[in-house]
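Right, one structure below, let's go through it.
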Amino acid sequence: MSLPEYRLFIGGEWVDAVSGATFETVDPATGAPWARVPEAAEADVDAAVRAARAALADPAWADLAPAGRGRLLHRLADILRRDAEELAVLESTDNGKLLRETRAQCLAIADHTDYFAGAADKIEGSVIPSGKPNFLVYTQHVPIGVVGMLLPWNSPLFLTMFKLAPALAAGCTVVIKPSEATPVTALELGRRIAEAGFPAGVANVVTGSGPAPGQALTAHTCVDKISFTGSTRTGIAVAKSALDHLAPTDLELGGKSANIVFADADLEAAANGVVAGIFAATGQTCIAGSRLVVHEDVRKPLLERLVARARTIKLGDPKDPATEMGPIATEAQHAKIAAMVGEAVDGGARVLVGAGQGVTLPEQGRFAAPTILVDVAPEATIAQEEVFGPVLVVQPFGDEDEAVALANGTAYGLAAGLWTSDVRRAHRVAARVRAGTVWVNSYRVLSYAVPFGGFGLSGIGRENGFEAIRSFTETKSIWVELTGATRDPFVLG
Ligand code: NAP
């Protein structure tokens with residue numbers, strides 16, 4: 001059976017890679033190839049960047065009023081809403097995420113796009129009281145230029161829109177490079193960007209496998225900014241490459257987030273939140289609550305609930321509405337999860353629930369068991385490093401200071417959950433936890449309007465909210481002399 005074939009989206013045209021090479025993308029639920037996409041190399045990335053550069057100067061985009069950019073984004077939002085079901089099915093096929101979650105994400109990106117459409121004509125500068133009475137000084141926030149966007153495989157469309165909507169609202173042009181594991185929906189997005197009526201070259205999509213196309217994009221001297229979501233290791237390499245031509249880089253990276261459960265917590269709600277944190281999306285989420293920091297007094301009853309729930313999680317076809325955990329998206333990730341759990345067990349960790357211990361894996365496809373590990377030292381790799389899979393490490397504590405020390409005891413700082421019925425403790429601990437997002441009595445909730453990003457090795461910069469638009473602009477200060485007076489040319493004013 002022939003596979004559906006895609007082409008690159010460059011300068012408003014659908015083109016093959018210069019080399020003519022292609023590669024197959026695989027459905028992780030079946031292990032079978034299901035689509036064929038172009039294998040872009042340096043020449044293709046160069047063409048995409050040049051198209052974006054040309055579009056930046058094209059009056060059809062450069063002279064479009066901010067409200068006009070907003071209208072195009074609203075049109076794109078309507079198209080995304082119309083096609084949400086189709087896009088959700090494609091996304092689930094490419095990365096194995098539950099259809100019920102990709103469906104929610106594909107509807108959410110339409111709302112996300114509407115939010116930034118509405119913001120496009122509200123990017124205001126300010127008038128500055130400069131202390132120089134004969135000058136009027138004001139600022140403008142102008143588009144930063146061509147933005148290179150690099151995406152991971154776990155929530156490709158959702159995370160692309162975190163970048164794309166504010167960048168287009170700000171007036172930038174973009175080159176999108178999705179992960180080799182999930183190239184299809186970015187190309188489908190390109191089709192919808194064209195349908196919305198964005199001028200040619202404003203958004204371009206290049207697909208390829210291996211690091212080469214991403215490296216070509218980050219190293220390209222005509223790229224003015226890099227916006228990256230992915231692993232910490234790659235993020236650091238990307239930032240170093242962009243620094244060679246002084247392109248600022250926003251990094252949305254990995255995490256080792258803690259769910260902190262105090263003795264006064266509603267244990268039913270906390271158990272539900274811990275399950276959402278680590279087993280939703282099969283743990284393949286940057287905000288995975290991969291550490292349970294739990295008060296000694298409630299450790300036993302909470303773990304009983306978690307083990308019982310983990311044993312009943314339904315693994316299987318991500319498109320089956322009854323499925324709760326789908327497959328692992330890539331072969332490499334599947335192997336990494338098994339290796340990290342094996343190493344932890346060799347180091348003395350005890351498995352409360354896991355593969356062969358209360359969980360049977362489906363026979364076909366790449367699956368990982370919901371796993372809970374106890375007797376893990378805080379300095380163990382499994383307690384310090386991201387697994388990016390459904391593996392929970394349990395870390396008991398005795399008092400609040402110990403809880404905060406454990407929660408802050410890794411180099412990451414993306415998110416945290418805390419569970420307590422004491423409102424004073426909630427605010428006190430939220431202030432002390434070093435993380436970009438803290439949920440109190442909840443976990444895994446995001447909004448287009450709320451800044452999102454990490455401390456430490458979890459990244460640099462914030463997405464969502466108005467801060468996201470600012471990150472795609474440069475601030476320009478304009479000084480207007482008001483009196484006509486001449487000044488001493490040899491003295492700084
Ligand atoms: P990754 O391996 O770091 O890849 C991210 C992107 O960079 C992919 O498009 C990848 O292309 C590309 N790339 C790889 N090497 C490159 C290089 N040397 N130069 C330029 N680009 C390069 O991440 P992943 O495995 O796809 O995603 C999982 C990671 O993303 C996890 O660590 C997770 O925590 C993180 N994440 C963070 C957030 C957040 O918002 N903080 C959200 C989601 C995921 P190829 O895939 O084609 O190699």
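Order of listing sets the numbers, starting from 1, for every ligand and every atom in it. Positions are given from 1 along the sequence. Bear in mind that the values here come from a model prediction, so they are computed numbers and not experimental data.
Using a 4.0 Å cut-off between charged nitrogen and carboxylate oxygen, R50 and D46 count as a salt-bridge pair. A salt bridge between D250 and K163 is absent, with no side-chain N of the basic residue lying under 4.0 Å from a carboxylate O of the acidic one.
When each of E324, Q105, K319 is paired with R100, the side-chain contact (heavy atoms from CB on, under 4.5 Å) condition holds for E324 and for no other. Screening T381, V391, T371, V345 for a side-chain contact (heavy atoms from CB on, under 4.5 Å) with M340, the sole residue that qualifies is T381.
Contact detail for N204 and A51: the closest heavy-atom pair is OD1-CB, 3.7 Å.
Ordered by chain and residue number, the residues placing a heavy atom less than 4.0 Å from ligand 1 are L150, L151, P152, W153, N154, L159, K177, P178, S179, E180, G208, G210, P211, G214, Q215, F228, T229, G230, S231, T234, V238, E252, L253, G254, C286, E386, F388, L414, F452.
In this pair, Y115 and Y448 present their aromatic rings tilted. The plane angle is within the 30 to 60° band.
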